[in-house]
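Heavy-atom basis, side chains included; hydrogens, waters and symmetry copies ignored. Just so we're on the same page: letters track the sequence lines, and every chain starts at 1.
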There are 2 protein chains.
Amino acid sequence: MRTLNPRGKTLVDLWLASELLSARIDHTLGAVHGIGYVEFMVLYQLAHSPGLRMRRVDLATAIGRTASGVTRLLRPMEKTGLVARDSSDRDARVSLVTLTPAGRQRLEDALSTMNELGQRLTQSVGDSQLDSTAAALAILRD
Amino acid sequence: MRTLNPRGKTLVDLWLASELLSARIDHTLGAVHGIGYVEFMVLYQLAHSPGLRMRRVDLATAIGRTASGVTRLLRPMEKTGLVARDSSDRDARVSLVTLTPAGRQRLEDALSTMNELGQRLTQSVGDSQLDSTAAALAILRD
DNA sequence: GACTTATACTTGACATATCAAGTATAAGTG
DNA sequence: CACTTATACTTGATATGTCAAGTATAAGTC
């Protein structure tokens with residue numbers, strides 16, 4: 001049977017590693033902070049954007065979701081006050097997502113859990129190998 | 001604001017890289033072969049298992065899904081004849097999933113697409129860095 | 001061998017995502 | 001300026017996944 005070449009296999013390994021780890025992270029974040037991995041990423045991206053706010057389209061591409069998905073994802077987050085809605089004075093089509101103080105606080109809490117998870121889940125990988133992996137992943141994001 | 005430590009950040013980078021790449025791979029596989037990334041992984045795992053068959057639970061853990069998810073995932077694949085159902089003579093609870101010739105052929109076709117995608121999507125990462133990354137991902141799978 | 005506990009799978013209820021289409025506004029073009 | 005095209009967002013229909021509970025069979029225990 002035909003087999004995968006090294007780069008094709010890397011794609012598969014990436015998918016497998018991500019799926020398995022994400023499930024565990026998702027459960028932990030859910031149990032400890034009441035948010036899923038995707039919601040964590042929303043808070044994280046907002047915290048790293050200028051003014052703690054983003055357009056919904058930009059958020060969508062940043063987290064690999066569609067605009068429609070973002071609309072539905074943010075609705076409950078608005079209700080629980082983790083994010084809020086703002087309008088742009090330059091473009092009336094735009095609806096900005098902003099990080100509320102409550103969202104900021106929730107992110108703070110979740111960050112420490114993520115740090116612990118990072119230590120635990122990657123403990124069998126050495127520092128130098130991890131550095132090289134992180135660098136490669138950053139490149140692959142584009 | 002508190003920040004992620006290097007290992008926490010690696011988790012985030014892994015998630016981002018995987019989400020963004022998976023979306024593209026999923027679309028390509030769907031357009032060219034009529035299967036999604038998860039379905040490809042089912043065929044791939046079956047092809048690499050002894051006898052081209054697996055228990056549903058084992059398949060579930062292998063691809064990071066629940067048993068329930070596997071039940072629902074396989075139903076359409078059985079209908080289209082990519083996989084078939086078999087029973088175990090050792091354990092009457094077990095329902096084995098087997099790779100059909102049609103499934104095997106579909107996998108063959110998809111493998112070449114995956115190889116091309118692998119080349120294209122990882123072209124900006126050098127060989128040695130990719131090797132190290134693949135090794136790290138393999139470790140992280142557990 | 002009867003009784004408890006564990007495992008394999010399926011199903012109902014629900015969560016979360018996509019796509020295609022619709023609305024509103026902006027930007028480009030003659 | 002009128003007209004076409006592009007962009008930002010939302011919504012209806014639908015796909016795909018989870019969890020909790022149920023059924024069937026196996027394995028462990030006394």
Nearest whole angstrom, please: distance from the [atom2] of [N] to the [atom1] of [X].
{"X": "B:Tyr37", "N": "C:dT18", "atom1": "OH", "atom2": "P", "value": "17 Å"}
{"X": "B:Leu20", "N": "C:dA17", "atom1": "CG", "atom2": "P", "value": "14 Å"}
{"X": "A:Arg75", "N": "D:dC9", "atom1": "CZ", "atom2": "P", "value": "14 Å"}

* Give the C-alpha distance, both sets of side-chain angles, the deciding distance and a yes or no for side-chain contact (heavy atoms from CB on, under 4.5 Å) between B:Val12 and A:Phe40. => CA-CA 10 Å; B:Val12 166; A:Phe40 166 81; 4.0 Å; yes
* **Carboxylate-amine/guanidinium proximity below 4.0 Å for B:Arg106 and B:Glu39** =>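 So B:Arg106 does not pair with B:Glu39 through a salt bridge.
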* B:Arg7 and A:Asp127 ion-paired at < 4.0 Å ->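 Salt bridge between B:Arg7 and A:Asp127, a charged N being under 4.0 Å from a carboxylate O: yes.
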* After noting the C-alpha distance and the side-chain angles of B:Met41 and B:Gln45, does the key distance pass the side-chain contact (heavy atoms from CB on, under 4.5 Å) rule? -> CA-CA 6 Å; B:Met41 286 303 309; B:Gln45 296 285 3; 3.8 Å; yes
* Heavy-atom contacts under 4.0 Å between residues 80-100 of chain A and DNA chain D, which residues? -> A:Arg85, A:Arg93, A:Val94, A:Ser95
* **Sub-4.0 Å heavy-atom contacts from residues 49-58 of chain B onto DNA chain D, ordered by number** => none
* **Among A:Met54, A:Arg65, A:Met77, the one residue meeting side-chain contact (heavy atoms from CB on, under 4.5 Å) with A:Val42** => A:Met77
* Five-pair end axes of the helix from C:dG1-D:dC30 to C:dG30-D:dC1, angle between them (10°) -> 30°
* At what distance, to the nearest 0.5 angstrom, does CG of B:Asn115 lie from CZ of B:Arg120? ->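 Those atoms lie 12.5 Å apart.
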* For B:Arg141, look at atom CZ and say whether over 12 heavy atoms of other residues, nucleotides or ligands are found less than 6.0 Å away. => yes
* Asked: Between A:Gln105 and A:Asp109, does a side-chain hydrogen bond (donor to acceptor under 3.5 Å, both in side chains) hold up when you go through it step by step?
  -> CA-CA 6 Å; A:Gln105 182 59 54; A:Asp109 299 343; 3.0 Å; yes
* B:Ser18: what forms a side-chain contact (heavy atoms from CB on, under 4.5 Å) with it, not counting sequence neighbours? -> A:Leu14, A:Ser18, B:Ser22
* Do B:Ile139 and A:Trp15 share a hydrophobic cluster (ILVMFWY, side-chain heavy atoms under 4.5 Å, transitive)? ->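 Yes; A:Trp15 is reachable from B:Ile139 via cluster members.
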* State yes or no: do B:Leu140 and B:Leu4 share one hydrophobic cluster built from I, L, V, M, F, W and Y residues joined by side-chain heavy-atom distances below 4.5 Å, directly or via other members? => yes
* In the hydrophobic clustering that connects Ile, Leu, Val, Met, Phe, Trp and Tyr at side-chain heavy-atom distances below 4.5 Å, which members other than A:Leu96 occupy its cluster, ordered by chain and number? -> A:Val94
* To do: Produce a footprint string for nucleotides 15-20 of chain D: one letter per nucleotide, 5' end first; B if the base is under 4.0 Å from any protein heavy atom, S if only the sugar-phosphate is, - if neither.
  => --SBB-
* Qualifying residue, where the test is side chain to side chain donor-acceptor pair (under 3.5 Å) with B:Arg53 and the options are B:Asp86, B:Thr98, B:Asp58 ->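 Testing each of B:Asp86, B:Thr98, B:Asp58 against B:Arg53, the sole residue satisfying side chain to side chain donor-acceptor pair (under 3.5 Å) is B:Asp86.
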